[in-house]
Amino acid sequence: QGFETLWVPGVDHAGIATQAVVERRLFEEEKLTRNDIGREALVERIWKWKDQYQTRIIGQLKQMGCSCDWQRTRFTLDDVCAKAVRHFFFKLFKEGFIYRGKRLVNWDTHLQTAVSDDEVKHVTVDGSFWYIKYPVIDPQPGEPEYVVVATTRPETMLGDTAVAVHPDPETQTDKVIAELEARLAGAPEKEKTELQKELDELNERKSSEILSDLKVLARMAADNRSVMLPLLNRPIPLVADEWAKPEKGTGCVKITPAHDPNDYEVGLRRNLPMINILNKNGTLNEEAGPFAGLTTKKAREAVVTALDELGLLVKVEDRVIELAHSDRSKTPIEPFLNDQWFVKMETLAQTAIESVTGQADGAPAPKSITAPDGRLPKERNSDDKARITPFRYTKSYLDWLGEKRDWPIGRQLWWGHRIPIWYCKGVSEAELEKAFSGRDDVHWRKDPETGDWWVCCEEDGLAASAVPGRELVQEEDVLDTWFSSALWPHSTLGWPDDTPELAYFYPTNTLITSRDIITLWVARMVLAGKFNTGQKPFDDVYIHPKILDKYGETMSKSKGNGVDPLSVIGKFGADAIRFALAYLCTESQDIRLALDFECPHCGAVVEQTKKNRVLHRIACPKCKKDFRTQWAESDEDKALPEGLIAGERFEVARNFCNKIWNAARFVLMNLSVSPKPGTPCSDALGFLEDQWIFSRLETVTRDVTESLESFRFAEAMRILYDFAWDDFCSFYVEMLKSRLADDQHKSLAMRMLLYVLDNLIRLLHPVIPFVTEEIWQRLKGAMPNAAYEESITIAPFPVVDESLIKPEVEQQFKVFQEVLRAVRDVRASRNVPPKTEISFSVRCDKQTAELLKPMEPYFLSMAKAKATAWGEAVKAPALSAAVPLTGMDVYVDISELIDVKAEMAKLEKEIVKLDGFIKGKEAKFDGGFADKAPAAVVEKERQSLVDLKEQRQSALTSLEQLSNLHPGT
RNA sequence: GGGCGACUAGCUCAGUUGGUUAGAGCGCUGCUUUCACACGGCAGAGGUCACAGGUUCGAAUCCCGUGUCGCCCACCA
């Protein structure tokens, strides 16, 4: 369409995932851990690994024919991106958006790093629920001697710093009861039993000792009373906090702020000490007293035994629990209190919320824009709001941002952008001012906890000795990968420098991505883009469906159910994978894609199963020979031929490409003289099929353009598939064969074929670049004098000419197709030998007769049927097969082959069918249809009913005629 | 617990704002191989649109509910 376009290819460093993979390999191959080889050596190894995979990923894109700007390939850790990251961080730091705080992280004790919530998977396991007594200190008369708490993780009691009770248990219980009653009233029958049971229990509790005890405890909490933490004999306060639910468990809850997210919140609210009892390797530290050094598992047993011996263990219940596991190491996650850097989200999230269109019809639909004058399409959407397509994803974007939760940006990793913060112990602000006077790339802020200073430097690094007499130590942690990915739209264009690229291409037009990173990536790109540049990063966000495997599971490396595009390309070609993917791109959120292996030795299809899909090599069950999979790593495995992946969707696409190729071959074959390409319009108006193909082509051009511009890729592909296969190949090319054989008509026929093919391949080229380019080059070669562009890639995309769209012509052509099909059907169903020519006649009105008479040669070439008569007066020949159609009857003369009984049976069946339709329609009119439906619809239905009745009458007449021949039947 | 989505032919899926007799590919059945393409051609069979209500002259489509499956978010002392 003539636009200046840019597609920046690139990869991000995928911090945790990448480091974990390299560490795992390091351990598997050399039995070394990251601590054995050190930060520098590990990072060096990860770079090597990354180079290898970047090459592979970029290679996959290239082989798929993606037309990226390869010389602009970016990586989130390269210098250009790193500079942007430091600038972004510095700007945030300087403006007060960055702070440091304690936070519970998901600690992977195996990898010894924090992992993000997304990398934590919950696994259902059988666990226990322990009830433990904590003695009350100095119980007064009327007060309980113990409080009982329940836990699934008894070892964490060593880190308890309080026991919480609700400040007003009675009111709270009443409130819960009231809510439950309200729910019960509106609940479906099925759930009522369970709700009622719950309600009964609560009511019972209300009058029980539990509640009266809780009331006493609430008062004691208000009086700042304490209980004794057993085993460690540490007095801990009884606190009043809403987190303790009087309706649940014992109504009291132990508070372990350093090892439980909710308890942490309580700890903050009640100003409780936070005692970390864990070492980074998952063993207990000195805070655990006699239990120090034990693993959490051993400590749990020891704690339970010790409590039991003291008579403080009330009971143990079996309980199914959802235990958090690290997705990376598959080991249980320990919540762990750690220092973290955060970005305050309040105002940033608000700008991101305001930067997307929150109403489905809030933004105009994209319009077709062609820009021969080089106008940029970004002018079309200048309200500074991005639009998400499909719109339903807007909700998850807005909901997530609405929580405005601060963004923890530090990761305890070595692979990533190291946080540009330096610590300096004992330094005074005056010293900093002196050391950095005149520098605007350094900013400092006081650590409210220690009183030390944090120094942030935008440039690449501060020397340890930058402050005379002091030592600067850089933060060990690196930044979350999304911190750098968030900058992608502007950092890759050179921000913070004022580059021409940034001025020209930013804001960008379209971001295409997967729904699972709408929050992680899209939301952060919007807020970072607005914060850094003041503008939204893109006009449109297109969320494509996600391809799942045949079991409906997401594809992942660890499951081994992913697809290497190169495997698909190897078997079906790049055009096929591209077409197949575009064809699958509906508004649906999932696409299931069944794939199987194909044995390279014998061609047998080997079903892909959950078991064999992760193997490096597979033995073919048919020929017993081994083949490799995409996972092959050893030289031995790699030497085997690859079992390519088969898939029905790819086959369909491959067949389509093949069809296009063959159609083009046919056209090329007939280019005996060099016709001029161009619109052969005026000459072609004499032929119905020419007018028809023009109309179809322009309709298709219009619809495809509109579909592509509104991200309806599957629809665009379906339109092109149907047009190319059915209209162009099955009808137009077939019809023009007879014109090509006629010297008088040959020239125009050739120009017509060329014209349609030329437009078709231009329309297909964005999706099927390789085959269409090859066809283009051959056309160019066949017509050296024609003004073909050097490559189809730079040839103009067709622009619709609406004046050629003629619905009445398309309707007329349908009549031809209907008659042709009727004749062909008679041939096929009556077993007329293919070489036998038959004759037929058609009873129809005058206009139709005039329309179809010129088509006689096509009935001959396409159905080997000779037309003998057209018109109102046509009567059925004595021994014919009659096909009643809308407004006409087709009589095929099959006197040699006729089976009268069978013909009659067919007609009778047809009449029954028509009766059904007629009844349905008449019933419709018996209702208030005619009065209430729009006039156009009523008229259409009325006509349809008339036609059906006529058709029925024709069938009856034909039946009568046949039965006269055989009076007995 | 909250949200989103799916359920249409044996299989995999289309079906835009409600409107003629619900479509495609694969598979299946019959015929077809010098004549662009067997990765092809022609024709055919095959569906109570998950279930139950409702709105409407009219529902695959809109509304309420049920079931099954999947995904996302939150939480589970």
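Chain letters run A, B, ... following the sequence lines, proteins first and then strands; every chain starts at 1. These values consider heavy atoms only, across backbone and side chains, with no hydrogens, waters or symmetry-generated copies.
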Ignoring hydrogens and angles, tell me if any N or O in the side chain of A/T156 forms a donor-acceptor pair with the backbone of A/R153 under 3.5 Å. yes
Check for a donor-acceptor pair, side chain of A/D947 on one end and backbone N or O of A/G887 on the other, with a separation under 3.5 Å.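 No, A/D947 side chain to A/G887 backbone: no donor-acceptor pair under 3.5 Å.
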Rounding to an integer number of Å, can you tell me how far [X] [atom1] sits from [N] [atom2]?
| X | N | atom1 | atom2 | answer |
| --- | --- | --- | --- | --- |
| A/I547 | B/rC71 | CD1 | P | 17 Å |
| A/I518 | B/rC73 | CD1 | C1' | 12 Å |
| A/K835 | B/rC31 | NZ | C1' | 13 Å |
| A/E403 | B/rC72 | CD | P | 16 Å |
| A/L548 | B/rC71 | CG | C1' | 9 Å |
| A/M669 | B/rC35 | CE | P | 10 Å |

The criterion is side-chain hydrogen bond (donor to acceptor under 3.5 Å, both in side chains); which residues satisfy it with [X], sequence neighbours excluded?
| X | result |
| --- | --- |
| A/T699 | A/E810 |
| A/R654 | none |
| A/Y583 | none |
| A/Y134 | A/D160 |

Would you mind classifying the nucleic acid contact of [X] as base, sugar-phosphate or nothing, using non-hydrogen atoms under 4.0 angstrom?
| X | answer |
| --- | --- |
| A/R515 | sugar-phosphate |
| A/V937 | base |
| A/C657 | nothing |
| A/S730 | sugar-phosphate |
| A/K737 | base |
| A/T152 | sugar-phosphate |

What are the atom names and distances for every N/O pair under 3.5 Å that joins the protein to nucleotides 54-58 of chain B?
unit_1	atom_1	unit_2	atom_2	d
B/rC57	OP1	A/K932	NZ	2.4

Residue pair A/R942 / A/A930: nearest heavy atoms and the distance that separates them: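 Reported closest heavy-atom pair: NH2-CB, 4.3 Å.
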Is the distance from the ring center of A/F723 to that of A/Y721 below 6.0 Å?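 No, too far apart.
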Dot-bracket notation for RNA chain B is requested: 5' to 3', Watson-Crick or G-U wobble pairs only, both distances under 3.5 Å, with ( ), [ ], | and . as defined. (((((((..((((.....[...)))).(((((.......))))).....((.((..]....)).)))))))))....
For atom [atom1], what is the distance between [N] and [M], given to the nearest Å?
| N | M | atom1 | value |
| --- | --- | --- | --- |
| B/rG47 | B/rU8 | C1' | 8 Å |
| B/rU16 | B/rA6 | P | 12 Å |
| B/rA9 | B/rG23 | C1' | 10 Å |
| B/rU34 | B/rC26 | P | 23 Å |
| B/rG25 | B/rA45 | P | 15 Å |
| B/rC11 | B/rU17 | C1' | 32 Å |
| B/rA59 | B/rG2 | C1' | 30 Å |
| B/rU33 | B/rU21 | P | 40 Å |

Mind jotting down which residue pairs meet the ring pair (Phe, Tyr, Trp, His ring centres under 6.0 Å) criterion with at least one end in residues 243-264 of chain A? Sequence neighbours excluded, please. none
Aromatic ring pairing A/W725/A/F656, orientation class (parallel under 30°, perpendicular over 60°, tilted between): parallel
In terms of relative ring orientation, are A/F711 and A/F713 parallel, tilted or perpendicular, with 30° and 60° separating the classes? perpendicular
Mind checking what makes side chain to side chain contact (heavy atoms under 4.5 Å, CB included) contact with A/F666, not counting sequence neighbours? A/M669, A/N670, A/V733, A/K737, A/L740, A/L753
If you pin A/S944 and A/C729 to their nearest nucleotides in RNA chain B, which one's is more 5'?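 Nearer the 5' end of the strand: A/S944.
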Toward the 5' end of RNA chain B, by each residue's nearest nucleotide, A/D263 or A/K913: A/K913
Phosphate contact ([N] OP1 or OP2) by [X] side-chain N/O below 4.0 Å:
| X | N | answer |
| --- | --- | --- |
| A/K395 | B/rC73 | no |
| A/N658 | B/rG40 | no |
| A/W725 | B/rG41 | yes |

I'd like a table of donor-acceptor pairs (distance under 3.5 Å, sequence neighbours excluded) in which one partner is a side-chain atom from residues 824-831 of chain A, with atom names and distances.
unit_1	atom_1	unit_2	atom_2	d
A/R824	NE	A/M862	O	3.2
A/R824	NH2	A/M862	O	3.3
A/R827	NH1	A/T836	O	3.1
A/R827	NH1	A/A863	O	3.0
A/R827	NH1	A/K864	O	2.8
A/R827	NH2	A/P833	O	2.9
A/R827	NH2	A/P834	O	3.3
A/R827	NH2	A/T836	O	2.7
A/S829	OG	A/D825	O	2.6
A/R830	NE	A/E903	OE2	2.6
A/R830	NH2	A/E903	OE1	2.7
A/R830	NH2	A/E903	OE2	3.4

From C-beta outward on [X], which listed nucleotide comes closest to its side chain: [options]?
| X | options | result |
| --- | --- | --- |
| A/K921 | B/rA24, B/rG30, B/rU21 | B/rU21 |
| A/N831 | B/rU32, B/rG30, B/rA36 | B/rG30 |
| A/K659 | B/rU20, B/rA36, B/rC4 | B/rA36 |
| A/N655 | B/rC39, B/rG25, B/rA36 | B/rC39 |

Are there over 12 heavy-atom neighbours, none belonging to A/K546, within less than 6.0 Å of that residue's NZ?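 Buried by this count: over 12 neighbours within 6.0 Å.
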For A/D742, look at atom CG and say whether over 12 heavy atoms of other residues, nucleotides or ligands are found less than 6.0 Å away.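 Yes, enclosed.
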Can you name the salt bridge (charged side-chain N to carboxylate O under 4.0 Å, His left out) partners of A/R515, sequence neighbours left out?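 Salt bridge (charged side-chain N to carboxylate O under 4.0 Å, His left out) list for A/R515, sorted by chain: A/D590.
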Test for a donor-acceptor pair under 3.5 Å between the base of B/rC4 and the side chain of A/R392, counting only N and O atoms.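 In this structure, the two groups form no donor-acceptor pair.
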Establish whether the base of B/rA36 is bridged to the side chain of A/E734 by a donor-acceptor pair shorter than 3.5 Å. yes
So which protein N/O to nucleotides 43-46 of chain B N/O distances come out below 3.5 Å?
unit_1	atom_1	unit_2	atom_2	d
B/rA43	O2'	A/D825	OD1	3.4

With a 4.0 Å cut-off on N to O distance, would you call A/K571 and A/E651 a salt bridge? no
Once base and sugar-phosphate atoms are separated, protein heavy atoms under 4.0 Å mark nucleotides 7-18 of chain B, 5' to 3', with B, S and - as -----SSS----
